[in-house]
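Below, read A as the first sequence line, B as the second, and so on, with proteins coming before strands; counting in each chain starts at 1.
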Amino acid sequence: MSVKFSKIAKLLSDIEKISSRLEMIDLLREFFSEADLIDIQIISYLIEGRIAPKFVPIEFNYSEKSLINGLKIWIEANEIDFDIDYILEKSGDIGDVVEELLSDKKIFMNDSRDKSLRGLSLEKVYSEFWQIASYDGKDSVQRKTDKIISLFKYSNPLESKYISRIISGKLRLGLNVKTLLDAVAALLGEGKESKYYVDKAYGFCGDAGYIVKIVREGIDEIGISNDEKLLSSLINILEEVKPVPGIPIFPELVNRVSTFDDAIERMLKESDRFITQPKFDGMRAQIHIGVDYKSDNFKERVWSSFYSNYVDGKDSNESLDMFSSIDSIKGNSKGVKIFSRNLEDITDMYPELVSSAIAFGVDSAIFDSEIVGFINGKFIPFQDTMTRRRKYGVDYQSEEIPVKAFLFDVLYLDGKDLTEDNLIGRIELLESLSSDKKGDFIISDSHRINDTEKLESVFNDSVEKGLEGVIVKLINSKYLPGKRSYDWIKLKKSIDKKLVDTVDLVLLGYYLGSGSRAKFGIGALLGGVYDAESDTFIPVTKIGTGITDDEWGMIMKRVSSSETDLRPKSIADGSYDVPDKWLFPDIVITVEADEISKSKVYTAGSDKLGYGLALRFPRLKVFDRDKDATDATSVEELVDMWEMRKGE
DNA sequence: CCTGTCTGCCCC
DNA sequence: ATTCTGC
DNA sequence: GCAGAATGGGCAGACAGG
């Protein structure tokens, strides 16, 4: 019997009130030890605002704005006295808005109710979620709204709050899947050992529900009383979860440091040498070769997973066939699959890489790589590379924007898991695969070095080639799926102050904040440059980071005296996001950015260039420069900065 | 058919 | 992506 | 140092509405 959803809402509400992760883990562990297996599996997906693992292509496609629009229409049709915008501004959370709206008990009085929904269970809510996510085509937005409102009818305000938050993907509990895995590990005892194996198994399968399932089944079989046997048996079970071609592995992630010396110090603490590889400005891609669609391992993890039962009118073997049947794979004779950083299947977007993989001359492999547009021996801008991430017109675009896959790691080769091997061994193996059949694969350059001078020269080479910088890696490190540790450190060219773009922008408006920013009444700023010719200010970017909570309070005070409801005439109009509050342009701020980019919503520079300019990765450095707005960075200066970078 | 709006554990 | 915050 | 949650520009795709 699936647990009542009202109990789940209470659990989530309790977790939300806690700030200590250890206490959250304790609450969850308790729930995990009592609840039915199916409920635990469902929760493990819902906690991420999803209904299935990431590699299953099912999304709600219905976020905060859709719910707000839908509710507004519904409120008006039912003549309810409720100001959504006002409450949203105050709370900054769609869930809180819904909770408050439904606290009025009279709202659903005259509705005829569907009895099958009474006393919602978690399982029932989950299957309704599947239907909401499955609606598509004409009027699907309206059908989703109707279904959500019908769920509200059978929920108390607290349940409605979490239904809204799950669907809009912003649970805001201060807890996510990593903490959930900690709670799973806690089922096996206090020690850190269990956590290591749980994390690792999750890294290899990308499916928290599956991990929960095998752990819980193991516990039920052995019995929780037998501590020692429990731990060792469960470790054995978790260790069975190994890399399998066709099942995406969470890519290992990089950390950042602020100086070369910091990076070197961390590396040399562990070993007398370290590895550097180029940092490409493209798209992370994990390339699998030799997917065996009929193997038990593959079926167990993908085809028979419990969520496939929820797909309407299909049995589990027909459903969720992201891997599709082997017969339908056109020209993909070797079971090639390519996955993005977030485990999305992007195979069909890169036919030339599928061909390269088939020709590569290995039976099975999993490579870690970066896909970058590459024309006449030169790297092309990130924005152009990203046009290859598409569903339609793939053939045309692959001629317009040809790409290369730069392989920089190998996690699996000809049936063997390499993730426990040292990095240096994996790289040597990768380099040994070099042959004349690489197609659009390029084995990434790796340097083995041990001092600052060499690091700086490798870094400069990299930047000169048009790359983003270098990644520095511990020479003797294992591959850690999904981990962001200091085993891998990025040194971006923006570490060098000469290579960042710093501008003085005029504050033109601001936006309301969500979640924890709501209490400040401000969440982001709109900044612009000065155009002397027309004596106007032209927006170039929003800024939402680089500001501490204390500063937000101060900024709000400073800004309130310049507020105005209508756009001041001196601020250029455009298709940019209109701020919630306009400001008379009299405050100058300093903003740092990694680079200037071509824009379709910002227009600064378009008179001269034919296209507008914006900032990539903007962050606030100084709030109030105490100078005149007309002394801010000018359009001409911005255009100059853009042309100088381009010329290099 | 065209255009605007919204979405994406999007990509970075 | 960058940045800040609580533990 | 980790995990989580704020926030950025910009891309293609899906849908609503005229």
Q. Would one find a side-chain N or O of A:Arg390 under 4.0 angstrom from OP1 or OP2 of D:dA12?
A. yes
Q: Report yes or no: do A:Ser597 and A:Arg616 form a side-chain donor-acceptor pair below 3.5 Å?
A: no
(Q) Quick test of your reading of the model: are A:Lys72 and A:Asp85 salt-bridged, counting only N-O distances below 4.0 Å? (A) yes
Q | Residue A:Ala524, side-chain heavy atoms: nucleotide from D:dA3, D:dG8, D:dC15 that is nearest | A | D:dG8
Q. For D:dC15, which nucleotide in any strand shown is its Watson-Crick or wobble partner with both distances under 3.5 Å?
A. B:dG4
Q) Does a side-chain N or O from A:Asn342 land closer than 4.0 Å to OP1 or OP2 of B:dC11, or not? A) yes
Q. If you look at every strand shown and take non-hydrogen atoms under 4.0 Å, does A:Ser514 touch a base, only sugar-phosphate, or nothing?
A. sugar-phosphate
Q.
Hydrogens and angles aside, do A:Asp504 and A:Thr633 bring a side-chain donor and acceptor to less than 3.5 Å of each other?
A. no
Q | Phosphate OP1/OP2 of C:dT2: any A:Arg256 side-chain N/O under 4.0 Å | A | yes
(Q) Whole angstroms only, please: what is the CZ-P distance between A:Arg389 and B:dC10? (A) 8 Å
**Q.** Value in whole Å for how far the C1' atom of B:dC11 lies from CD1 of A:Ile380
**A.** 15 Å
Q) Counting just side-chain N and O atoms, does A:Lys492 come under 4.0 Å of either OP1 or OP2 of B:dC12? A) no
Q | A:Lys138 vs D:dA14: side-chain N/O to OP1/OP2 distance below 4.0 Å | A | no
Q) Side chain of A:Lys490: nearest nucleotide among C:dT2, D:dA3, D:dC15? A) C:dT2
Q.
For A:Lys170, is the NZ atom crowded, meaning more than 12 foreign heavy atoms sit under 6.0 Å from it?
A. no
(Q) So A:Gln383, base contact, sugar-phosphate only, or nothing? Heavy-atom distance under 4.0 Å. (A) sugar-phosphate
Q: Return the value, rounded to whole Å, for the distance between atom CD1 of A:Ile401 and atom P of D:dA12.
A: 10 Å
Q.
Taking the minimum atom-to-atom distance to the side chain of A:Ser140, which one of D:dA16, C:dT3, D:dG9 wins?
A. D:dA16
(Q) Closest-nucleotide mapping onto DNA chain C: is A:Thr548 or A:Arg341 further toward the 5' terminus? I mean the 5' end. (A) A:Arg341
(Q) Taking any heavy-atom pair under 4.0 Å as a contact, classify A:Glu468: base, sugar-phosphate, or nothing. (A) nothing
Q.
On the side chain of A:Thr545, is there an atom forming a donor-acceptor pair with the base of D:dT7 - under 3.5 Å, no angle test?
A. no
Q. Would you say a side-chain N or O of A:Ser516 is under 4.0 Å from OP1 or OP2 of C:dT5?
A. no
(Q) Say we look at D:dT7 and B:dT7: how far apart would their P atoms be, to the nearest angstrom? (A) 15 Å
Q) On DNA chain D, nearest-nucleotide positions of A:Gly393 versus A:Val177: which is more 5'? A) A:Val177
Q | Assigned partner base of D:dG1, Watson-Crick or wobble definition, under 3.5 Å | A | C:dC7
Q) NZ of A:Lys144 versus P of D:dC15: gap in Å, rounded? A) 8 Å
Q) D:dG10 phosphate, OP1 or OP2: any side-chain N/O from A:Ser597 under 4.0 angstrom? A) yes
Q | Of the listed nucleotides D:dG9, D:dA3, B:dC12, the one nearest the side chain of A:Lys483 | A | D:dA3
Q.
Tell me the interatomic distance from A:Leu526, atom CG, to D:dG9, atom C1', rounded to whole angstroms.
A. 13 Å
Q) Quick one: is D:dG9 close enough that its OP1 or OP2 comes under 4.0 Å of any side-chain N or O from A:Tyr602? A) yes
Q. A:Tyr479 and A:Trp488: side-chain donor and acceptor closer than 3.5 Å?
A. no
Q.
Does a side-chain N or O of A:Ser340 approach OP1 or OP2 of B:dC11 to a distance below 4.0 Å, or not?
A. yes
Q) Separation of A:Arg172 atom CZ from D:dA5 atom P, in whole Å? A) 9 Å
Q | Contact under 4.0 Å: A:Ser20 side-chain N or O vs C:dG6 OP1/OP2 | A | no
Q) With a non-hydrogen cut-off below 4.0 angstrom, is A:Leu22 in contact with a base, only sugar-phosphate, or nothing? A) nothing
Q) OP1, OP2 of C:dT2 versus side-chain N and O of A:Lys542: anything below 4.0 Å? A) no
Q.
Taking any heavy-atom pair under 4.0 Å as a contact, classify A:Gly169: base, sugar-phosphate, or nothing.
A. nothing
Q: Indicate, with a heavy-atom threshold strictly under 4.0 Å, whether A:Gly515 touches base, sugar-phosphate, or nothing.
A: sugar-phosphate
Q. Looking at the side chain of A:Lys279, which of C:dA1, B:dG8, C:dT3 is the nearest nucleotide?
A. C:dA1
Q: For A:Arg50, report the nucleic acid contact type (base, sugar-phosphate, nothing); a contact means any heavy atom under 4.0 Å.
A: base
Q | Proximity to the side chain of A:Ser19 - top-ranked nucleotide from D:dG9, C:dC7, B:dG8 | A | C:dC7
**Q.** A:Asp487/A:Lys473 ion pair, N-O < 4.0 Å
**A.** no
Q. Rounded to whole angstrom units, what separation is found between the OH atom of A:Tyr135 and the C1' atom of D:dC15?
A. 17 Å
Q. Which residue lies toward the 5' end of DNA chain D, A:Phe382 or A:Leu173, if each is placed at its nearest nucleotide?
A. A:Leu173
Q) Considering only the P atoms, how many Å lie between B:dG4 and C:dT5, rounded to the nearest integer? A) 40 Å
Q. What is the distance from CG of A:Asp281 to P of D:dG10, rounded to the nearest Å?
A. 14 Å
Q: If D:dG9 has a Watson-Crick or G-U wobble mate with both distances under 3.5 Å, name it; if not, just say none.
A: B:dC11
**Q.** Closest nucleotide among D:dC2, C:dT2, D:dC11 to the A:Phe617 side chain
**A.** C:dT2
Q) According to a strict under-4.0 Å criterion, is A:Ser599 in side-chain N/O contact with OP1 or OP2 of D:dG10? A) yes
Q) Do you see a donor-acceptor pair shorter than 3.5 Å between the side chains of A:Asp550 and A:Thr548? A) no
Q.
Quiz question: by atom type and distance under 3.5 Å, do the side chains of A:Tyr162 and A:Glu16 form a donor-acceptor pair?
A. yes
Q) Under 4.0 angstrom, heavy atoms only, what part of the nucleic acid is A:Leu620 near: base, sugar-phosphate, or nothing? A) nothing
Q. Quick one: is D:dG1 close enough that its OP1 or OP2 comes under 4.0 Å of any side-chain N or O from A:Arg266?
A. yes
(Q) Can you tell me which residue among A:Leu508, A:Leu613, A:Leu505 is in a side-chain contact (heavy atoms from CB on, under 4.5 Å) with A:Val540? (A) A:Leu505
Q. Across the strands shown, which category fits A:Tyr392 at heavy-atom distances under 4.0 angstrom: base, sugar-phosphate, nothing?
A. sugar-phosphate
(Q) Is A:Arg616 close enough to D:dG9 that one of its side-chain N or O atoms is under 4.0 Å from OP1 or OP2 there? (A) no
